[in-house]
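Have a look at the structure below before the remarks.
Computed over heavy atoms, backbone and side chain alike; hydrogens, waters and symmetry mates excluded. Along the sequence shown, residues are numbered consecutively beginning with 1.
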Amino acid sequence: MIQILLPTLLLALLLGGCATTPVSMSKAKQAPADRVLAFHISGGDKTATVTVIRDEGFIGGGCFYAVHIDNVLAARLDVAEFARFYVQP
């Protein structure tokens, strides 16, 4: 019995440690301008606004996440950062 319970418990602990946590808009910080590369200037009334917020947590915490729009690198986000993009609908 212990031969089954111990590995199962260990697996559950390892997988639980890799979980991410959603970040609310009020707690997220704006990504620095040098990492928001495209689609960051409003085109007026004829654009739609898209906001991307990166979760916080262990998975990928040491790297930036790349955000691509129409095959263009639009931003690189760190943990708990957000960026707004203005795109044609």
Side-chain angles (χ1 to χ4, degrees):
M1 179 70 157
I2 240 177
Q3 293 174 342
I4 294 172
L5 186 60
L6 188 59
T8 304
L9 182 61
L10 182 60
L11 182 63
L13 288 173
L14 287 174
L15 291 177
C18 294
T20 60
T21 307
V23 177
S24 67
M25 189 67 190
S26 62
K27 291 187 179 183
K29 54 188 180 287
Q30 175 76 42
D34 64 327
R35 286 194 277 112
V36 180
L37 309 170
F39 303 101
H40 58 282
I41 299 171
S42 176
D45 293 339
K46 297 188 179 197
T47 58
T49 304
V50 177
T51 303
V52 177
I53 305 172
R54 181 174 172 190
D55 286 351
E56 57 185 358
F58 181 74
I59 296 177
C63 345
F64 294 125
Y65 276 8
V67 178
H68 290 263
I69 300 173
D70 291 335
N71 292 323
V72 175
L73 178 60
R76 289 173 300 205
L77 298 179
D78 202 357
V79 175
E81 285 184 343
F82 76 92
R84 281 197 178 90
F85 306 101
Y86 303 95
V87 297
Q88 296 297 319

_I'd like to know if Val67 and Val87 are part of one continuous hydrophobic network [Ile/Leu/Val/Met/Phe/Trp/Tyr, side-chain heavy atoms within less than 4.5 Å]._
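Yes: a chain of side-chain contacts under 4.5 Å links Val87 to Val67.
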_hydrophobic_cluster_shared for Met25 and Val23, side chain cutoff 4.5 Å_ =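 Yes; tracing contacts between hydrophobic side chains, which count when under 4.5 Å, links both residues.
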Which pair of non-hydrogen atoms, one from [X] and one from [Y], has the smallest distance, and what is that distance?
| X | Y | result |
| --- | --- | --- |
| Thr47 | Ser42 | OG1-OG, 4.0 Å |
| Leu77 | Arg54 | O-NH1, 2.9 Å |
| Pro89 | Ala48 | CD-N, 4.2 Å |

Side-chain heavy atoms of [X] within contact of [Y], under 4.5 Å:
| X | Y | answer |
| --- | --- | --- |
| Val72 | Phe39 | yes |
| Val50 | Arg84 | no |
| Gln30 | Phe82 | yes |
| Ile69 | Phe85 | yes |

*Is it true that a side-chain atom of Arg76 and a backbone atom of Ala66 form a donor plus acceptor pair closer than 3.5 Å?*
no
*Is Lys27 salt-bridged to Glu56, cutoff N-O under 4.0 Å?*
no
*With rounding to the nearest 0.5 Å, note down the distance linking CZ in Phe64 to CG in Asp78.*
5.0 Å
